There are 2 protein chains.
Amino acid sequence: MIDIKHFLRQNSLRPTKQRVIIANYLFDGVNKHVTAETLSNKLLKMKAGISLATIYNTLHDFYEKGLLKKLMINSERIYFDTNTEHHHHFYSKKDQKLIDINVDMKVSGLPKPPKNKKIKKIEVLVHLDN
Amino acid sequence: MIDIKHFLRQNSLRPTKQRVIIANYLFDGVNKHVTAETLSNKLLKMKAGISLATIYNTLHDFYEKGLLKKLMINSERIYFDTNTEHHHHFYSKKDQKLIDINVDMKVSGLPKPPKNKKIKKIEVLVHLDN
DNA sequence: TATCAGTTTAGAACGATTCTAATGTATTGA
DNA sequence: TCAATACATTAGAATCGTTCTAAACTGATA
Ligand SMILES: [Mn+2]
Ligand SMILES: [Mn+2]
Ligand SMILES: [Zn+2]
Ligand SMILES: [Zn+2]
(Lines give C-alpha, C1' and ligand atoms only; values in the text may rest on other atoms or scores of the structure.)
(Ligands and ions follow the chains in the order given, each with its own letter.)
Protein backbone atom coordinates (compact mmCIF):
# COMPACT_ATOMS: atom_id res chain seq x y z
CA MET A 1 0.00 0.00 0.00
CA ILE A 2 2.79 2.39 0.86
CA ASP A 3 4.38 1.39 -2.47
CA ILE A 4 1.28 2.33 -4.37
CA LYS A 5 1.09 5.66 -2.60
CA HIS A 6 4.69 6.35 -3.56
CA PHE A 7 3.99 5.18 -7.06
CA LEU A 8 1.05 7.57 -7.39
CA ARG A 9 2.99 10.49 -5.94
CA GLN A 10 5.89 9.77 -8.28
CA ASN A 11 3.41 10.18 -11.09
CA SER A 12 2.01 13.45 -9.75
CA LEU A 13 -1.22 11.83 -8.64
CA ARG A 14 -2.60 12.34 -5.16
CA PRO A 15 -2.93 8.97 -3.47
CA THR A 16 -6.59 9.21 -2.64
CA LYS A 17 -8.47 6.21 -1.25
CA GLN A 18 -10.08 5.50 -4.61
CA ARG A 19 -6.89 5.84 -6.64
CA VAL A 20 -5.00 3.59 -4.24
CA ILE A 21 -7.64 0.88 -4.54
CA ILE A 22 -7.74 1.12 -8.32
CA ALA A 23 -3.96 1.29 -8.73
CA ASN A 24 -3.49 -1.65 -6.37
CA TYR A 25 -5.77 -3.68 -8.54
CA LEU A 26 -4.44 -2.53 -11.92
CA PHE A 27 -0.74 -2.58 -11.11
CA ASP A 28 -0.49 -5.82 -9.16
CA GLY A 29 2.07 -7.23 -11.58
CA VAL A 30 -0.40 -9.02 -13.81
CA ASN A 31 -1.10 -7.16 -17.05
CA LYS A 32 -4.73 -6.39 -17.57
CA HIS A 33 -7.12 -5.06 -20.19
CA VAL A 34 -10.06 -3.28 -18.61
CA THR A 35 -12.98 -1.15 -19.63
CA ALA A 36 -14.73 1.25 -17.29
CA GLU A 37 -17.42 -1.38 -16.98
CA THR A 38 -15.21 -4.41 -16.27
CA LEU A 39 -13.22 -2.37 -13.76
CA SER A 40 -16.41 -1.19 -12.08
CA ASN A 41 -17.64 -4.78 -11.80
CA LYS A 42 -14.33 -5.92 -10.33
CA LEU A 43 -14.41 -3.10 -7.78
CA LEU A 44 -17.99 -3.93 -6.86
CA LYS A 45 -16.92 -7.50 -6.10
CA MET A 46 -14.13 -6.09 -3.94
CA LYS A 47 -16.80 -4.06 -2.10
CA ALA A 48 -15.07 -0.85 -3.08
CA GLY A 49 -17.84 1.66 -3.52
CA ILE A 50 -16.27 3.80 -6.21
CA SER A 51 -18.51 5.79 -8.50
CA LEU A 52 -18.44 5.31 -12.24
CA ALA A 53 -17.45 8.96 -12.66
CA THR A 54 -14.35 8.36 -10.55
CA ILE A 55 -13.54 5.23 -12.48
CA TYR A 56 -13.64 7.17 -15.74
CA ASN A 57 -11.65 10.03 -14.20
CA THR A 58 -9.04 7.68 -12.78
CA LEU A 59 -8.58 5.70 -15.99
CA HIS A 60 -8.04 8.95 -17.85
CA ASP A 61 -5.72 10.36 -15.19
CA PHE A 62 -3.63 7.18 -15.32
CA TYR A 63 -3.69 7.28 -19.10
CA GLU A 64 -2.51 10.88 -19.14
CA LYS A 65 0.38 9.99 -16.88
CA GLY A 66 1.34 7.19 -19.25
CA LEU A 67 0.46 4.43 -16.81
CA LEU A 68 -2.14 2.97 -19.16
CA LYS A 69 -2.51 2.57 -22.86
CA LYS A 70 -5.79 3.17 -24.63
CA LEU A 71 -6.97 0.57 -27.13
CA MET A 72 -9.59 1.18 -29.80
CA ILE A 73 -10.50 -2.34 -30.74
CA ASN A 74 -14.18 -2.24 -30.59
CA SER A 75 -16.41 0.68 -31.36
CA GLU A 76 -18.61 0.13 -28.37
CA ARG A 77 -16.16 0.63 -25.56
CA ILE A 78 -12.66 1.80 -24.73
CA TYR A 79 -10.11 -0.68 -23.38
CA PHE A 80 -7.27 0.37 -21.13
CA ASP A 81 -4.12 -1.73 -21.07
CA THR A 82 -1.72 -1.90 -18.14
CA ASN A 83 0.99 -3.10 -20.50
CA THR A 84 2.37 0.17 -21.82
CA GLU A 85 5.11 -1.41 -23.93
CA HIS A 86 4.53 -1.52 -27.66
CA HIS A 87 2.83 -4.84 -28.31
CA HIS A 88 0.08 -6.56 -30.22
CA HIS A 89 -3.06 -8.52 -29.39
CA PHE A 90 -5.16 -11.53 -29.99
CA TYR A 91 -8.79 -10.52 -29.78
CA SER A 92 -11.75 -12.77 -29.19
CA LYS A 93 -14.91 -10.91 -30.02
CA LYS A 94 -16.99 -13.69 -28.50
CA ASP A 95 -15.22 -13.49 -25.14
CA GLN A 96 -14.58 -9.75 -25.41
CA LYS A 97 -11.06 -10.63 -24.31
CA LEU A 98 -7.63 -9.40 -25.33
CA ILE A 99 -4.41 -11.37 -25.03
CA ASP A 100 -1.01 -9.73 -25.31
CA ILE A 101 1.42 -10.70 -28.04
CA ASN A 102 4.81 -9.64 -26.75
CA VAL A 103 6.86 -11.60 -29.21
CA ASP A 104 8.81 -9.60 -31.74
CA MET A 105 6.59 -9.69 -34.74
CA LYS A 106 7.71 -8.26 -38.01
CA VAL A 107 5.52 -6.79 -40.72
CA SER A 108 7.09 -6.95 -44.17
CA GLY A 109 5.93 -5.60 -47.49
CA LEU A 110 4.64 -2.39 -46.02
CA PRO A 111 4.27 0.32 -48.67
CA LYS A 112 5.56 3.84 -48.16
CA PRO A 113 3.20 6.09 -46.24
CA PRO A 114 1.50 8.89 -48.19
CA LYS A 115 3.46 12.08 -48.87
CA ASN A 116 4.29 14.17 -45.83
CA LYS A 117 3.06 11.49 -43.48
CA LYS A 118 5.22 9.52 -41.09
CA ILE A 119 4.46 6.16 -39.55
CA LYS A 120 3.82 6.54 -35.84
CA LYS A 121 3.17 2.93 -34.96
CA ILE A 122 2.09 -0.36 -36.43
CA GLU A 123 -0.64 -2.22 -34.65
CA VAL A 124 -1.43 -5.85 -35.38
CA LEU A 125 -4.72 -7.28 -34.20
CA VAL A 126 -5.23 -11.02 -34.57
CA HIS A 127 -8.91 -11.85 -34.54
CA LEU A 128 -9.79 -15.22 -33.04
CA ASP A 129 -12.66 -17.35 -34.18
CA ASN A 130 -13.90 -18.77 -30.91
CA MET B 1 -28.63 3.46 -62.94
CA ILE B 2 -30.18 0.33 -64.41
CA ASP B 3 -26.94 -1.43 -63.44
CA ILE B 4 -27.29 -0.37 -59.84
CA LYS B 5 -30.89 -1.53 -59.76
CA HIS B 6 -29.80 -4.93 -61.05
CA PHE B 7 -26.96 -4.95 -58.62
CA LEU B 8 -29.31 -4.30 -55.72
CA ARG B 9 -31.81 -6.91 -56.88
CA GLN B 10 -29.02 -9.42 -57.29
CA ASN B 11 -28.25 -8.84 -53.66
CA SER B 12 -31.88 -9.23 -52.53
CA LEU B 13 -32.29 -5.55 -51.92
CA ARG B 14 -35.22 -3.60 -53.28
CA PRO B 15 -33.92 -0.80 -55.46
CA THR B 16 -35.63 2.05 -53.69
CA LYS B 17 -34.82 5.64 -54.57
CA GLN B 18 -32.64 6.06 -51.49
CA ARG B 19 -30.74 2.82 -51.93
CA VAL B 20 -30.06 3.58 -55.57
CA ILE B 21 -28.63 6.98 -54.70
CA ILE B 22 -26.47 5.59 -51.91
CA ALA B 23 -25.29 2.57 -53.92
CA ASN B 24 -24.48 4.77 -56.91
CA TYR B 25 -22.29 6.86 -54.71
CA LEU B 26 -20.64 4.05 -52.77
CA PHE B 27 -20.06 1.64 -55.65
CA ASP B 28 -18.87 4.05 -58.32
CA GLY B 29 -15.62 2.14 -58.72
CA VAL B 30 -13.59 4.22 -56.28
CA ASN B 31 -13.13 2.51 -52.93
CA LYS B 32 -14.39 4.53 -50.01
CA HIS B 33 -14.39 4.58 -46.23
CA VAL B 34 -17.50 6.24 -44.86
CA THR B 35 -19.23 6.76 -41.57
CA ALA B 36 -22.94 7.46 -41.27
CA GLU B 37 -21.99 11.07 -40.74
CA THR B 38 -19.59 11.47 -43.68
CA LEU B 39 -22.07 9.71 -45.95
CA SER B 40 -24.87 11.95 -44.75
CA ASN B 41 -22.78 15.05 -45.44
CA LYS B 42 -21.92 13.81 -48.90
CA LEU B 43 -25.60 13.13 -49.65
CA LEU B 44 -26.56 16.56 -48.36
CA LYS B 45 -24.11 18.12 -50.82
CA MET B 46 -25.71 16.03 -53.55
CA LYS B 47 -29.08 17.46 -52.48
CA ALA B 48 -30.34 13.97 -51.74
CA GLY B 49 -32.62 14.38 -48.77
CA ILE B 50 -32.10 11.02 -47.14
CA SER B 51 -32.76 10.69 -43.43
CA LEU B 52 -30.08 9.59 -41.03
CA ALA B 53 -32.22 6.60 -40.07
CA THR B 54 -32.21 5.45 -43.67
CA ILE B 55 -28.48 5.97 -43.95
CA TYR B 56 -27.91 3.76 -40.92
CA ASN B 57 -30.41 1.19 -42.21
CA THR B 58 -28.84 1.15 -45.66
CA LEU B 59 -25.28 0.84 -44.40
CA HIS B 60 -26.35 -2.11 -42.29
CA ASP B 61 -28.37 -3.70 -45.08
CA PHE B 62 -25.39 -3.41 -47.43
CA TYR B 63 -23.10 -4.76 -44.72
CA GLU B 64 -25.37 -7.73 -44.14
CA LYS B 65 -25.33 -8.54 -47.84
CA GLY B 66 -21.54 -8.45 -47.77
CA LEU B 67 -21.30 -5.33 -49.90
CA LEU B 68 -19.49 -3.41 -47.18
CA LYS B 69 -16.96 -4.21 -44.53
CA LYS B 70 -17.22 -2.78 -41.04
CA LEU B 71 -14.09 -1.29 -39.50
CA MET B 72 -13.61 -0.72 -35.78
CA ILE B 73 -10.75 1.72 -35.79
CA ASN B 74 -11.99 4.36 -33.54
CA SER B 75 -14.28 3.97 -30.59
CA GLU B 76 -16.37 6.97 -31.51
CA ARG B 77 -17.76 5.90 -34.85
CA ILE B 78 -18.09 2.97 -37.18
CA TYR B 79 -16.40 3.05 -40.59
CA PHE B 80 -17.80 1.16 -43.56
CA ASP B 81 -15.41 0.12 -46.31
CA THR B 82 -16.44 -0.49 -49.91
CA ASN B 83 -13.31 -2.60 -50.37
CA THR B 84 -14.48 -5.99 -49.15
CA GLU B 85 -11.21 -7.79 -49.97
CA HIS B 86 -8.96 -8.61 -47.06
CA HIS B 87 -6.62 -5.65 -46.74
CA HIS B 88 -4.96 -3.30 -44.29
CA HIS B 89 -4.96 0.43 -43.59
CA PHE B 90 -3.01 3.52 -42.93
CA TYR B 91 -4.93 5.65 -40.45
CA SER B 92 -4.52 9.31 -39.80
CA LYS B 93 -6.25 10.22 -36.59
CA LYS B 94 -5.79 13.89 -37.32
CA ASP B 95 -7.52 13.68 -40.70
CA GLN B 96 -9.89 10.92 -39.61
CA LYS B 97 -8.91 9.26 -42.87
CA LEU B 98 -8.18 5.69 -43.87
CA ILE B 99 -6.03 4.63 -46.80
CA ASP B 100 -6.06 1.10 -48.15
CA ILE B 101 -2.96 -1.06 -48.12
CA ASN B 102 -3.56 -3.70 -50.73
CA VAL B 103 0.00 -4.89 -50.99
CA ASP B 104 0.71 -8.38 -49.77
CA MET B 105 2.03 -7.75 -46.34
CA LYS B 106 3.41 -10.56 -44.28
CA VAL B 107 3.40 -10.79 -40.51
CA SER B 108 6.15 -13.03 -39.15
CA GLY B 109 6.89 -14.18 -35.64
CA LEU B 110 3.26 -14.64 -34.73
CA PRO B 111 2.86 -16.92 -31.70
CA LYS B 112 0.37 -19.77 -31.66
CA PRO B 113 -3.15 -18.72 -30.71
CA PRO B 114 -4.45 -19.84 -27.30
CA LYS B 115 -5.78 -23.39 -26.91
CA ASN B 116 -8.96 -24.16 -28.82
CA LYS B 117 -8.83 -20.83 -30.61
CA LYS B 118 -8.28 -20.38 -34.32
CA ILE B 119 -7.04 -17.29 -36.10
CA LYS B 120 -9.82 -15.75 -38.15
CA LYS B 121 -7.95 -12.83 -39.63
CA ILE B 122 -4.96 -10.62 -39.08
CA GLU B 123 -5.51 -6.90 -39.24
CA VAL B 124 -2.67 -4.43 -39.54
CA LEU B 125 -3.33 -0.79 -38.79
CA VAL B 126 -0.55 1.65 -39.53
CA HIS B 127 -1.01 4.82 -37.54
CA LEU B 128 0.25 7.99 -39.22
CA ASP B 129 1.68 10.93 -37.38
CA ASN B 130 0.30 13.83 -39.34
C1' DT C 1 -5.24 22.70 12.24
C1' DA C 2 -6.77 26.05 8.60
C1' DT C 3 -6.50 26.65 3.97
C1' DC C 4 -7.17 25.45 -0.60
C1' DA C 5 -6.18 23.01 -4.72
C1' DG C 6 -7.35 18.85 -6.24
C1' DT C 7 -10.83 14.91 -6.00
C1' DT C 8 -15.16 12.49 -5.75
C1' DT C 9 -19.79 12.11 -6.80
C1' DA C 10 -24.74 12.08 -8.49
C1' DG C 11 -26.92 13.23 -12.00
C1' DA C 12 -27.38 15.89 -16.28
C1' DA C 13 -25.75 16.23 -20.87
C1' DC C 14 -23.87 14.45 -25.02
C1' DG C 15 -23.33 11.93 -29.36
C1' DA C 16 -23.39 7.84 -32.05
C1' DT C 17 -26.43 4.42 -32.89
C1' DT C 18 -30.73 1.75 -32.57
C1' DC C 19 -35.61 1.41 -32.00
C1' DT C 20 -40.58 2.54 -32.72
C1' DA C 21 -44.45 3.10 -35.10
C1' DA C 22 -46.66 5.70 -38.52
C1' DT C 23 -46.46 6.62 -43.41
C1' DG C 24 -44.88 5.55 -48.04
C1' DT C 25 -43.53 2.55 -51.94
C1' DA C 26 -41.89 -1.58 -54.76
C1' DT C 27 -43.56 -5.96 -56.04
C1' DT C 28 -46.68 -9.21 -57.55
C1' DG C 29 -50.44 -11.87 -59.06
C1' DA C 30 -55.29 -11.64 -60.40
C1' DT D 1 -53.63 -2.66 -64.54
C1' DC D 2 -53.87 -2.18 -59.84
C1' DA D 3 -55.16 -3.66 -55.28
C1' DA D 4 -52.98 -6.20 -51.62
C1' DT D 5 -49.05 -6.85 -49.09
C1' DA D 6 -44.46 -6.97 -47.70
C1' DC D 7 -40.83 -4.16 -47.24
C1' DA D 8 -38.63 0.58 -46.69
C1' DT D 9 -38.38 5.34 -45.03
C1' DT D 10 -38.75 8.61 -41.57
C1' DA D 11 -39.02 11.70 -37.35
C1' DG D 12 -38.35 11.43 -33.14
C1' DA D 13 -37.72 8.71 -28.88
C1' DA D 14 -34.76 5.59 -26.55
C1' DT D 15 -30.35 3.61 -25.41
C1' DC D 16 -25.79 3.41 -23.86
C1' DG D 17 -21.02 4.51 -23.24
C1' DT D 18 -18.79 8.44 -22.01
C1' DT D 19 -18.07 13.31 -20.56
C1' DC D 20 -19.51 17.33 -18.07
C1' DT D 21 -21.19 20.10 -14.08
C1' DA D 22 -21.19 21.78 -9.82
C1' DA D 23 -21.53 20.83 -5.04
C1' DA D 24 -19.45 18.28 -1.22
C1' DC D 25 -15.18 16.33 0.37
C1' DT D 26 -10.19 15.44 1.37
C1' DG D 27 -5.07 15.29 0.93
C1' DA D 28 -1.13 18.35 1.12
C1' DT D 29 1.02 22.14 2.92
C1' DA D 30 2.35 25.66 6.23
MN1 LIG E 1 -16.21 1.01 -20.86
MN1 LIG F 1 -20.96 7.53 -37.92
ZN1 LIG G 1 -2.15 -5.54 -24.13
ZN1 LIG H 1 -10.17 -0.16 -46.76
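As a basis for the values below, the full set of heavy atoms in this structure was taken, side chains included, without hydrogen atoms, waters or symmetry mates. What you see is a predicted model, and the numbers here were worked out from it, not measured in a lab.
One atom, CZ of B/R19, and another, C1' of D/dC7, lie 8 Å apart when rounded to the nearest Å. Between the CD1 atom of A/I21 and the C1' atom of C/dT9 there is a distance of 15 Å, rounded to whole Å. Atoms CZ (A/R77) and P (C/dT17) sit 15 Å apart, rounded to a whole Å. Distance B/L39 CG to C/dA16 P: 15 Å, rounded to the nearest Å. With rounding to whole Å, B/D61 atom CG is found 9 Å from D/dA8 atom C1'. Rounded to an integer number of Å, the gap from CG of A/L59 to P of C/dT7 is 15 Å. Atom C1' of nucleotide D/dA8 and atom CD of B/E64 are separated by 14 Å, given to the nearest angstrom. Atom CD1 in A/I22 sits roughly 11 Å away from atom C1' in C/dT8 (whole-Å rounding).
Proximity of B/Y79 to B/T38: side-chain heavy atoms (C-beta onward) are nowhere separated by under 4.5 Å. For the pair B/V30 and B/Y25, the minimum side-chain heavy-atom distance is 4.5 Å or more. Using a 4.5 Å heavy-atom threshold, the side chains of B/E85 and B/N102 count as separate.
Heavy-atom neighbours of A/K17 NZ from other residues, nucleotides or ligands within 6.0 Å: at or below the threshold of 12. The 12-atom threshold is exceeded at NZ of B/K117, counting heavy atoms of other residues, nucleotides or ligands nearer than 6.0 Å.
Under 4.0 angstrom from either OP1 or OP2 of D/dT10 there lies at least one side-chain N or O belonging to B/Q18. In this structure, A/S51 reaches the C/dT9 phosphate: one of its side-chain N or O atoms is under 4.0 Å from OP1 or OP2.
Side-chain atoms of A/D100 and A/H33 form a donor-acceptor pair, as typed in the model, at a separation below 3.5 Å.
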* To do: At under 4.0 Å between heavy atoms, which parts of nucleotides 18-30 of chain C does protein reach? Answer with one letter per nucleotide, 5' to 3': B base, S sugar-phosphate only, - none.
  => B-------BS---

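Although no hydrogens or angles enter the test, the distance criterion places a donor-acceptor pair under 3.5 Å between the side chain of B/H86 and the main chain of B/I122.
If you check C/dT8, D/dG17, C/dA16 against the side chain of A/T58, the one that comes closest is C/dT8.
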